[in-house]
Amino acid sequence: MAVDKEGDWDFHLRSLSANARDSAAASDPALDPYILQSITKIYEICKEAKSEDLVARAYPHINKLFQRSVAALPHSQTSNGLLLLKILQFFLDFGEMVLHDADPSLRTFFRSCLSREFAEPVIAEATLDFLNLNKMKLINSYPTLLPQFFPLLLKLIAWNGEKLEKSFQSVLPAMMSSGSFLPLFPSVTDLPVLVVALEKVERSSGSLLGSSIASIQKSTAPEMLLALMDEAYTGSTIEDRGGDSGTDESNAIDVSDPVFLDLLKDENDGLVERHWTSPAMSAALQAAMNSPQSKRLKQALNMTPRFLAQYFKVALRDVNDSLLCALIPILMSRNSTIFPDKLFSFEVRKRLSDFMLAAFQRSPHFIALLKKPIVDRLGEAYDSAAKTELALNLCWAIGEHGAGGASYKDVARELFESLELLLYENLSSSRLGLSQESSLDSNAGSSRRSSQVRLLSFVITAIAKLATCHTELLPRARVALAKVARSQGTDSRVGRRACDYLGLFDEPAICLSVLAPWAGSVQRPGVVNWSEGGSKMVSHIPFYVLAGQEGPPFHDFSFSNIFPRQ
């Protein structure tokens with residue numbers, strides 16, 4: 001080691017010893033303004049020299065400093081986050097040389113420091129930078145760390161907003177594991193609700209920013225916040241203290257309410273059902289919608305759909321079929337319980353439906369495995385616009401994938417019966433009260449009728465496709481479609497589509513080409529291979545398929561005459 005480097009080394013090592021001997025610094029090491037600089041310099045010298053001897057000499061001092069800093073956190077008036085992060089970097093890079101397992105130190109940082117300082121912008125940014133810098137090492141050596149503490153990291157991004165979005169998105173895939181994949185989905189979806197809960201804590205307990213966290217924890221009202229933190233990472237139960245538990249303000253949180261305990265936890269403790277119908281949740285969401293949206297809430301509403309898009313992309317790429325199949329019923333149940341902002345709800349539901357359809361495309365047998373929740377959702381098609389849209393997507397998936405494939409005949413029959421029931425209920429407009437709505441509110445009646453027409457179109461298409469894949473259902477499908485075609489009150493577009501499908505049933509080869517699931521279609525004489533549509537000429541397709549084209553019929557034509565122009 002060069003002479004100047006050796007002088008620096010000795011100086012900074014003595015600084016660590018002096019910090020330990022100083023009475024004030026001993027109880028709160030971060031009070032020494034030069035201690036972080038000394039740790040940084042020692043780390044750089046060890047990194048450059050690659051000397052086990054230097055690491056062994058520095059390690060005892062740094063390890064003791066870490067322990068003293070952690071012990072000082074409950075009563076510290078200064079932020080210890082940057083100091084602890086630099087020490088953790090030393091442990092990660094040189095731990096093998098001194099046989100130091102960094103896992104307990106990392107967990108201590110999350111539980112004792114980040115849980116108190118996540119609202120400090122500098123600490124939040126430094127934490128995400130630290131996690132990104134060491135992401136591969138954490139994934140390989142400590143794979144359960146980030147999946148365990150993802151609720152705390154969600155609090156960090158919820159409070160600090162879009163300026164850290166890019167860094168957080170880089171860390172998000174590392175939070176996904178077999179134990180965190182399912183609970184991570186509702187937690188990400190509820191990011192705006194988490195913002196509402198944190199802002200309610202701030203209003204009732206004081207600012208959560210920076211060093212003021214320490215004073216909050218020492219005040220009388222913020223005992224609630226301490227209790228929430230304690231419950232979150234120790235598992236202790238918070239008793240209902242009745243009238244002594246808080247203030248009489250309308251914004252105060254009832255800490256015995258499980259909704260807020262679940263939202264504000266720091267560690268992943270499994271999948272917990274959200275109590276969206278609870279009075280506390282309803283009141284909080286109503287207050288949030290009736291008052292101007294805060295900057296943090298607006299940013300959370302913007303970020304959440306992007307986080308969900310990344311979550312689903314990673315899920316389709318890396319997650320096994322068992323977890324994907326388990327996620328879909330959760331997705332269905334959450335489709336109608338989303339933060340009630342119109343644009344946000346649209347963006348989130350779009351991503352949910354895109355993922356669900358992509359999952360069915362990847363693994364069509366999911367439809368058979370999830371027969372029960374699918375039937376339940378079809379039965380709720382009338383309850384709300386969101387549930388109607390979900391039913392439309394499920395109808396499309398059932399037909400497109402033949403209820404899971406040709407081998408799932410029993411499942412196909414049961415789903416077909418559910419589609420029949422949905423069809424016959426919709427044939428009578430009385431179920432939706434369209435005649436009464438039309439007389440009272442023309443806009444509402446028009447919207448409801450449009451929704452009914454879309455639902456009927458999807459249902460009869462699914463029925464036709466199921467009957468094509470499972471030919472034993474063909475007689476029942478003919479009866480159902482004939483009733484639609486002959487119904488006097490049916491919309492002309494629906495009736496015309498039913499007639500088209502009945503016509504296709506008379507041409508088995510064309511019916512297989514048009515309606516059969518692509519993956520399960522049987523190649524028989526006359527069956528069209530649509531992948532050859534750009535080059536192969538065919539002439540056996542009935543001309544009624546080209547009914548919408550102008551001019552005389554062609555003797556020979558390519559598939560481009562049938563395909564709609566984009």
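Not measured: the values here are computed from a predicted model. Computation of the quantities below employed the complete heavy-atom set of this structure, encompassing side-chain atoms and omitting hydrogens, waters and symmetry-equivalent molecules.
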Practice item. Decide yes or no on side-chain contact (heavy atoms from CB on, under 4.5 Å) for L152 and L156, but give the supporting numbers first. Key: CA-CA 6 Å; L152 179 55; L156 181 151; over 6 Å; no
Fill in: Derivation of the side-chain hydrogen bond (donor to acceptor under 3.5 Å, both in side chains) call for E120 and N160
CA-CA 8 Å; E120 172 59 54; N160 291 280; over 6 Å; no
List the steps, then state whether side-chain contact (heavy atoms from CB on, under 4.5 Å) holds for N63 with F90. CA-CA 10 Å; N63 190 40; F90 182 93; over 6 Å; no
### Query
So L343 and L301, side-chain contact (heavy atoms from CB on, under 4.5 Å) or not? Walk me through it.
CA-CA 9 Å; L343 180 59; L301 293 172; over 6 Å; no
* Between Q37 and Y34, does a side-chain contact (heavy atoms from CB on, under 4.5 Å) hold up when you go through it step by step? -> CA-CA 5 Å; Q37 179 183 352; Y34 302 106; 3.9 Å; yes
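When every heavy atom of G179 is checked against every heavy atom of P183, the shortest pair comes out as O-CG, 3.7 Å. Nearest heavy-atom pair, M356 versus N393, reported as atom, atom and distance to 0.1 Å: CE-CB, 3.7 Å. In terms of heavy atoms, A397 sits closest to I367 at O-CD1, 3.3 Å.
Between the side chain of E380 and the backbone N or O of K387 there is no donor-acceptor pair closer than 3.5 Å. Remark: the backbone N or O of M175 is paired with a side-chain donor or acceptor of S180 at under 3.5 angstrom. In terms of modelled atom types and a separation under 3.5 Å, the side chain of S345 and the main chain of F339 share a donor-acceptor contact. Here the side chain of R351 pairs no donor or acceptor atom with the backbone of A309 at under 3.5 angstrom. Proximity of a side-chain donor or acceptor of D103 to a complementary backbone N or O of L106 within less than 3.5 Å is not detected. Between the D341 side chain and the F344 main chain, a donor and an acceptor come within less than 3.5 Å of each other. Distance alone, capped at 3.5 Å, places no donor-acceptor pair between the S167 side chain and the L164 backbone. Within the 3.5 Å criterion, the main-chain N or O of L172 finds no donor-acceptor partner in the side chain of Q310. Remark: side-chain polar atoms of Q293 are not paired, donor with acceptor, to backbone N or O of A288 under 3.5 angstrom. Formation of a donor-acceptor pair under 3.5 Å by the S333 side chain with backbone atoms of I330 is found in this model.
Between the side chains of N302 and E165, no donor-acceptor pair is found at a separation under 3.5 Å. Between R377 and S336, the side chains place no donor N or O within less than 3.5 Å of an acceptor N or O (distance only, hydrogens not considered). Side-chain atoms of N132 and S170 include a donor-acceptor pair closer than 3.5 Å.
Looking at M332 and L394, their side chains come closer than 4.5 Å, going by heavy atoms from C-beta outward.
With D266 as the partner, the side chain to side chain donor-acceptor pair (under 3.5 Å) test is satisfied by one option alone out of Q148, K155, R111: K155. Residue V348 is tested with L308, V188, N335 for a side-chain contact (heavy atoms from CB on, under 4.5 Å); the sole match is L308.
Q286 meets the side-chain hydrogen bond (donor to acceptor under 3.5 Å, both in side chains) test with N290; sequence neighbours excluded. Remark: S407 engages no residue in a side-chain hydrogen bond (donor to acceptor under 3.5 Å, both in side chains) (not counting sequence neighbours).
A salt bridge between K47 and D93 is present, with a side-chain N of the basic residue lying under 4.0 Å from a carboxylate O of the acidic one. Between E389 and R349 there is no salt bridge, since no side-chain nitrogen of the basic residue lies less than 4.0 Å from a carboxylate oxygen of the acidic one. In this structure, R57 does not pair ionically with E52, as no charged nitrogen and carboxylate oxygen lie closer than 4.0 Å. A salt bridge is defined here as a Lys NZ or Arg NE, NH1 or NH2 lying under 4.0 Å from an Asp or Glu carboxylate O, and E347 with K350 fails to meet this definition.
For F355 and Y311, the distance between ring centers is not under 6.0 angstrom.
By the 30° and 60° cut-offs, the orientation of the rings of F91 relative to F66 is perpendicular. Ring geometry, H100 versus Y59: the interplanar angle exceeds 60°, so the pair is classed perpendicular (tilted spans 30 to 60°).
Within a 6.0 Å sphere centred on NZ of K64, other residues, nucleotides and ligands contribute 12 heavy atoms or fewer. By the 6.0 Å contact criterion, CD on E96 is open, its count of non-hydrogen atoms from other residues, nucleotides or ligands being 12 or less.
Sorted by first and then second residue, the pairs that involve residues 309-324 and meet salt bridge (charged side-chain N to carboxylate O under 4.0 Å, His left out), not counting sequence neighbours, are D321-R362.
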